[in-house]
Amino acid sequence: MTQQVSPLSLGTIPVTYTVEDRVGVLTIDNPPVNASSAAVRAGLMSGLEVAEADDEVDAIVLIGASANFVSGSDLREFSGPVPEPQLPSVIAAIEASAKPVVAALSGATLGGGFELALGCDGRIALAGGVVGLPEITLGMIPGAGGTQRPLRLVGPARTLELVTSGERLPVEQAHREGLIDEVVTGSLRAQAIRFARALRGKRILRNLPVRGADPGEVEQVATTALRRAARPQTVAAVGAILMGGSAPADRAFQHERAEFNRLRNGTESSALRHLFFARRAALKANRPALPRELKSVGVVGAGTMGAGIARAFVEAGVPVVLVDQQRQAAAAAAERLQRTYQGMVTRGRLTESDAQHHLSLLTAGTTIRDLEETDLVVEAVYEDLEVKQTVLRQLETVLRPHVPLATNTSYLDVNEIAAAVARPTRVLGMHFFSPAHRAAVLEIVRGEKTSTEALDVALTAAKVLEKMPILAGVCDGFIGNRIYNAYRRQCELMLEEGALPQQVDAALTEFGFAMGPFAVSDMSGLDIAWRMRKSKAGARDPRERYPDVADALCELGRFGQKTGDGWYHYEPGSRTPHPDSTVEALIEQSSQRKAITRAAFTSQGIVTRALVTMANEAALLLVDKIADRPSDIDLMLTLGYGFPTHEGGITHWVGRQDRRFLEHELDALAARTGHGFTKGELDLLRS
Ligand code: NAD
């Protein structure tokens with residue numbers, strides 16, 4: 001018999017209680033994603049109490065009101081003391097209940113949501129959902145048994161993998177591994193009630209023994225995890241999991257909670273949470289006003305970038321027509337891609353059918369007319385205003401009038417490029433980073449006249465490509481390259497004043513950059529920037545300091561890795577940089593010529609000067625409205641320029657510094673840089 005009582009409202013709390021077939025159902029309703037907030041936890045506590053006291057009820061089900069069970073913890077609670085009741089108390093109440101409690105999972109059940117589920121006596125899941133413990137990606141470890149309860153189900157080696165990778169597991173796989181009891185289709189509520197009624201008493205995971213493990217395997221998984229990311233949270237996860245295998249449960253659970261709190265309050269977790277919110281804000285703001293159709297894309301220029309952009313689209317399932325002025329270039333790019341895929345198939349990194357599918361989406365065209373039917377065209381021809389303008393004019397005669405024309409220019413003025421065509425509203429920048437198929441960020445440049453429609457197509461493309469869209473206004477270098485150039489220039493000025501490339505690179509990689517600026521220059525080649533500097537030489541203000549060592553290197557034919565020499569020396573076939581006395585001599589000569597007395601730099605001095613430079617340029621960008629919000633700049637630098645994620649980006653770094661210290665350093669920077677330096681308002685970066 002089904003007995004339905006009207007939902008008992010638990011105050012203003014987002015949990016309701018109903019009874020059906022002698023099962024008390026607690027429905028969690030905390031839109032939009034059912035995050036576990038203090039109100040949800042309080043609701044669960046009251047609901048459990050009501051169900052416990054209800055003589056008409058033998059078992060309890062926890063279920064989400066809409067798509068998700070509990071998607072995870074509300075991260076906004078993590079920046080201060082977590083409000084009561086905290087998750088471990090809710091789970092303790094579930095364990096203390098005399099009645100079996102079942103978690104009915106749907107959608108994404110992550111972090112605290114999955115810990116809550118693991119605290120129940122049984123888990124039933126709707127097919128198609130995912131579970132996981134992604135705390136590590138936010139600089140923490142799970143803090144409510146996530147490192148401990150899985151030990152009882154899948155053992156230490158697998159728990160280590162789950163916790164240190166933060167992977168999302170389809171519920172079907174979690175079921176096969178024993179983390180979930182049943183996967184169902186149809187009505188989750190009805191099946192959860194059936195499942196709860198069939199349960200024979202409690203099954204408290206905390207009270208079960210840890211599953212045995214092969215110590216060699218555990219050691220291997222731990223070593224791999226630490227090698228992949230030797231971060232404090234990985235070390236803490238390994239420690240907590242190993243302790244779970246040896247210490248009494250109470251001690252291991254307490255240790256986990258203490259480590260969770262220690263990391264949560266640390267700088268790395270705060271930085272990673274900042275980037276999490278930054279991503280959310282950018283994705284929310286940069287949604288197309290209307291989603292646009294992207295049935296096929298055209299790419300003009302089959303060089304490094306054009307070929308990479310074409311690859312990015314075909315790997316996202318979008319057909320591409322690639323053309324180049326050189327008749328064979330597009331076909332050659334397609335052949336190169338085929339060879340790349342062949343190698344990946346051989347190494348087991350791609351399936352033959354995926355390779356074939358990607359290649360079937362790529363058409364090597366021979367003329368711009370072949371782009372006639374495409375919904376978006378990206379040009380990646382030479383970085384030359386006239387060449388780009390000519391290409392856009394040609395495209396205009398071929399394409400349907402509403403199709404956007406995107407330029408991949410790195411530095412040219414998008415408004416000037418747009419001025420070449422009859423309808424500049426259709427022109428915008430889509431600045432892909434190299435390698436285009438892998439880069440996580442896409443800088444979308446709004447021209448003065450760019451239409452919402454053109455912008456929507458570019459934003460749709462970013463979504464399809466799974467790249468973070470960051471909107472930028474028009475200026476020299478947009479957001480990313482403008483900050484990077486200011487930084488690189490300042491690093492070159494430090495050379496004149498007494499530093500050496502290897503010291504600068506070492507200091508900045510020690511801070512956490514993926515590479516130092518001089519190693520980066522050698523990797524990308526010094527010649528392109530040299531050509532650009534020469535073309536702009538006439539416009540240079542002679543009162544401004546001009547670091548000239550890079551020019552001297554180029555005059556000697558030292559273009560970086562590709563010539564075996566640049567800021568460093570490279571042995572044939574090797575990418576390992578070796579400091580070079582020729583370079584040191586050139587640097588010293590430059591200092592002498594300019595009558596600069598060389599003085600030693602400390603690593604800290606180098607890092608501070610480089611970061612204050614970045615911060616200053618970021619502040620100028622915000623005043624000029626080139627960037628929409630400070631957190632976009634952090635995303636750009638961490639996703640596109642190797643800025644350490646554990647520092648959260650430049651604006652987050654500024655937020656952690658003492659204001660007077662920063663002002664002092666900024667004044668010193670202005671004095672050392674001399675004429676032409678514009679001071680920004682660093683307070684703008686504090687969000
Ligand atoms: P590239 O020299 O490798 O390729 C340019 C290609 O364009 C060549 O194959 C050339 O034949 C073709 N081309 C030139 N004029 C043409 C025309 N009129 N019609 C058709 N095809 C034409 O250059 P790249 O490194 O791929 O750079 C292309 C663009 O991307 C530039 O604007 C550059 O600033 C920008 N960009 C480069 C990078 C990078 O890391 N290389 C990164 C971001 C943006």
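Since we're looking at a predicted model, the values are computed, not measured. When a ligand or atom number is given, it counts from 1 through the structure's own listing order.
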For [atom], the protein heavy atom that lies nearest, with its residue and separation:
atom: atom 35 (C) of ligand 1; value: Asn408 O, 3.3 Å
atom: atom 32 (O) of ligand 1; value: Glu383 OE1, 2.6 Å
atom: atom 9 (O) of ligand 1; value: Asp324 OD2, 2.6 Å
atom: atom 42 (C) of ligand 1; value: Met305 SD, 3.6 Å
atom: atom 19 (N) of ligand 1; value: Gln325 CB, 3.7 Å
atom: atom 40 (O) of ligand 1; value: Ser434 CB, 3.5 Å
atom: atom 29 (C) of ligand 1; value: Val381 O, 3.3 Å
atom: atom 18 (N) of ligand 1; value: Val391 CG2, 3.4 Å

Pairing of [X] and [Y] as salt bridge, 4.0 angstrom limit:
X: Arg545; Y: Glu496; value: yes
X: Arg558; Y: Asp580; value: yes
X: Arg629; Y: Asp634; value: no
X: Asp527; Y: Lys562; value: yes

Least distance between heavy atoms, Ser590 atom then Asp548 atom =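 Smallest heavy-atom distance, with atoms named: OG-OD1, 2.9 Å.
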Which pair of non-hydrogen atoms, one from Met430 and one from Ala461, has the smallest distance, and what is that distance?
->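 Heavy-atom minimum between the residues: CE-CB, 3.9 Å.
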Atoms in ligand 1 with a heavy atom of [X] nearer than 4.0 Å:
X: Val387; answer: 15 (N)
X: Gly303; answer: 3 (O), 4 (O), 6 (C), 9 (O), 26 (O)
X: His431; answer: 43 (C), 44 (C)

Verify whether the ring centers belonging to Phe643 and Phe513 lie closer than 6.0 Å.
->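 That pair passes the under 6.0 Å test.
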Would Phe677 and His675 count as a close aromatic pair, with their ring centres under 6.0 Å?
->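 No, they do not, as the ring centres are separated by 6.0 Å or more.
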Ligand 1-proximal atoms of [X], by part, heavy-atom distance under 4.0 Å:
X: Phe432; answer: backbone
X: Val323; answer: neither
X: Ser410; answer: both
X: Val300; answer: side chain

What do you reckon, does [X] put a non-hydrogen atom under 4.0 Å from ligand 1?
X: Lys388; answer: yes
X: Ala329; answer: no
X: Glu379; answer: no

Sole candidate of Arg446, Arg426, Arg292 that passes salt bridge (Lys or Arg N to Asp or Glu O under 4.0 Å) when paired with Asp456 =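 Among Arg446, Arg426, Arg292, the one meeting salt bridge (Lys or Arg N to Asp or Glu O under 4.0 Å) with Asp456 is Arg292.
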Hey, is atom 23 (O) of ligand 1 under 4.0 Å from any protein heavy atom?
->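 Neighbour list for atom 23 (O) of ligand 1 is empty of protein heavy atoms (cut-off 4.0 Å).
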For atom 5 (C) of ligand 1, which of Gly301, Ala380, Ala330 has the closest heavy atom?
->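 The option holding the nearest heavy atom is Ala380.
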Do we see a donor-acceptor contact under 3.5 Å between the side chains of Gln356 and Gln338?
->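 No, Gln338 and Gln356 have no side-chain donor paired with an acceptor closer than 3.5 Å.
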Tell me yes or no: between the side chains of Asp354 and Tyr341, is some donor less than 3.5 Å from an acceptor?
->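 Short answer, no.
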cation_pi(Arg575, Tyr570) dist<6.0 Å, angle<=45 =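 Ring-cation test returns no.
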Intermediate values then yes/no, salt bridge (Lys or Arg N to Asp or Glu O under 4.0 Å), Lys536 and Asp476 = CA-CA 12 Å; Lys536 290 184 179 170; Asp476 193 15; 3.6 Å; yes
Should Thr409 be counted as touching ligand 1, given the test is an N or O pair under 3.5 Å?
->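 The answer is no, given that Thr409 and ligand 1 share no N or O pair closer than 3.5 Å.
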